[in-house]
2 protein chains.
Amino acid sequence: MLEEDLILQQLLNEDDILTEKQKKIIVAAIESFSEKGFAATSTSEIAKKAGVAEGTIFRHYKTKKDLLLSIVAPMMAKLLAPFILKDINKVLDRQFETYEDFLRAMVENRREFLVKNLPIIKIMLQEIPFQPELREQFKEHVAKDTFRRFATLVEHYQAKGQLIEMPSMSAVRLSASAIFGFLLARYLIVPEIEWDDETETERTIQFVMHGLSRKA
Amino acid sequence: MLEEDLILQQLLNEDDILTEKQKKIIVAAIESFSEKGFAATSTSEIAKKAGVAEGTIFRHYKTKKDLLLSIVAPMMAKLLAPFILKDINKVLDRQFETYEDFLRAMVENRREFLVKNLPIIKIMLQEIPFQPELREQFKEHVAKDTFRRFATLVEHYQAKGQLIEMPSMSAVRLSASAIFGFLLARYLIVPEIEWDDETETERTIQFVMHGLSRKA
DNA sequence: CGAAAAAATGAGTGATTACTCACTTTACTT
DNA sequence: AAGTAAAGTGAGTAATCACTCATTTTTTCG
């Protein structure tokens, strides 16, 4: 799988136009932003951690906020990654016979994405409420794209008689709550406790299926 | 219902020892912290909004962080409020015959709490990752107290044969994901879209019940 | 190589930061 | 009303902030 899930790698290889110092700046910024928060991190601190002069940061990014956006923005586009499986409705039948199969694939897909990009995701979640640009991007990508595609997909399985009738928006919301509630608890809220990943994953999927499938 | 759900009122009446100026400081701080974030809010800004001299803030609070903690800390204790409904184990049978009844009561209870204290809750969620004191309080109250009481309650309904056998921790996690996923989406993430509250609430409860109850 | 361009530097900018303190105003007690 | 304690003030503090820019270093390429 040469899937480019690692946003960091993607950031650092962008167009091959990034200098070594610039890469170090990005790495240092991600570390500091995720640990202390954007507003509480100073540019001098980033420069020191990156081993560059403070002026170098502003040679590549007009402002500190610019640096933040250059890190977080690529994240947004990737949020809908699991739904770009080409022409959804047509390929779906062969790829995922049941909603359950789809759910299972999505949990694993998003789990890998989350684990690989944890610090950037933390920054994103922290700053979305305060950066209008990020809020807008989030609504664009998540609300419009991802959510709608997810909904289309649910309608597909409803039409096949697998899922109970219910506004697809609600079905998506319930599915997403269960899945991301699990992933967030597992990797962000209480990662320090012992988790039986396989069991909890399966339980979560079965929980959703019991809640949404036609044949109880 | 003279339930003291409003943390703000509680803060302002504390011991009757708060001066008028101090109350204005708290109100102004809550507003600024929730809008711009703790680190991005200056004490001069709070003073201006409160209509007091900047020195007055530091007469009552040693540091800016002290002010933050005095606002958010009382929140924590209230997070487990729905579980202090008198002596759980004993009153339970007569109060909530079914898990469904309990869920319904909890959703309404937490919904009111969330709506009434939205700004303070936003501040809390934002700052928990960065303030060790808050992290600790959160784990103490939520993990130890609330989660455990919730689990005890689930075990009660499992023993009555209403819920399927499953580690109570998992059942609590799944229930909480669905409920708080709903409430967060409704009031924090996308409050601007139209919600049919009654229908969505009921759907959420039924979703949990289908996922966890014995008789499908 | 050598010249031009790009990258990097770090001292310096004014503004802003959280916080202090000597002092004034207000409130309370008798 | 006088005396005392608490509350409030705002100019002042050193530190730090994001950002600039003249200069130096490195890279590119004919």
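Sequence lines set the chain letters: A, B, ... in the order given, protein chains first and strands last, and positions in each chain run from 1. Heavy atoms only: backbone and side chains are in, while hydrogens, waters and symmetry mates are out.
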Query raised in the report: To the side chain of T43(A), which of dA18(D), dT9(C), dT9(D) is closest?
Result: dA18(D)

Query - Spacing of F58(B) atom CZ relative to dC23(C) atom P, expressed in whole Å - result: 22 Å

Query raised in the report: How is S42(A) classified with respect to the nucleic acid when contacts are heavy atoms under 4.0 Å: base, sugar-phosphate, or nothing?
Result: sugar-phosphate

Query raised in the report: If you look at every strand shown and take non-hydrogen atoms under 4.0 Å, does T19(A) touch a base, only sugar-phosphate, or nothing?
Result: sugar-phosphate

Query - For atom OH of Y61(A) and atom P of dC19(D), their distance in whole Å - result: 14 Å

Query raised in the report: Out of dC19(D), dA22(C), dA18(C), which has the shortest distance to the side chain of R59(B)?
Result: dA22(C)

Requested in this report: Go through dC19(C), dA18(D), dG10(C) for me and flag the one nearest to the A53(A) side chain.
Outcome: dG10(C)

Query raised in the report: If only side-chain N and O atoms of K62(B) are considered, is one of them under 4.0 Å from the OP1 or OP2 phosphate oxygen of dA18(C)?
Result: no

Query raised in the report: Without hydrogens or angle criteria, can the side chains of E54(A) and S44(A) be said to hold a donor-acceptor pair below 3.5 Å?
Result: no

Requested in this report: Calculate the interatomic distance between L18(A) atom CG and dA8(C) atom C1'; express it in whole Å.
Outcome: 15 Å

Query raised in the report: Expressed in angstrom and rounded to an integer, what is the separation of E54(A) atom CD from dG10(C) atom P?
Result: 12 Å

Query raised in the report: Are K48(A) and E45(A) within salt-bridge range, i.e. N to O under 4.0 Å?
Result: no

Query raised in the report: Under 6.0 Å from the six-membered ring centre of F113(B) and within 45° of its axis: does the NZ or CZ of R110(B) meet both?
Result: yes

**Report entry** Side chain of T56(A) (C-beta onward), nearest among dG8(D), dC19(C), dA8(C)
**Finding:** dA8(C)

Report summary line: In whole angstroms, the gap separating P of dA18(C) from NE2 of H60(B) amounts to 18 Å

Report task. Describe, in one word, how the ring planes of F96(B) and F102(B) are oriented to each other, choosing from parallel (under 30°), tilted (30 to 60°) and perpendicular (over 60°). Result -> perpendicular

Query raised in the report: Do R186(B) and T201(B) get their side chains close enough for a donor-acceptor pair, meaning under 3.5 Å?
Result: no

Requested in this report: Mind calculating the distance between CZ (F38(B)) and C1' (dT17(C)) to the nearest angstrom?
Outcome: 12 Å

**Report entry** Separation of atom CZ in F33(B) from atom C1' in dA18(C), rounded to whole Å
**Finding:** 12 Å

**Report entry** Selected nucleotide, minimal atom distance to S44(B) side chain, candidates dC17(D), dC19(C), dT17(C)
**Finding:** dT17(C)

Requested in this report: Please state whether the phosphate of dT17(C), meaning OP1 or OP2, lies under 4.0 angstrom from any side-chain nitrogen or oxygen of K64(B).
Outcome: no

Report task. Give the rounded distance in Å between these two atoms: CD of E45(B) and C1' of dT17(C). Result -> 12 Å

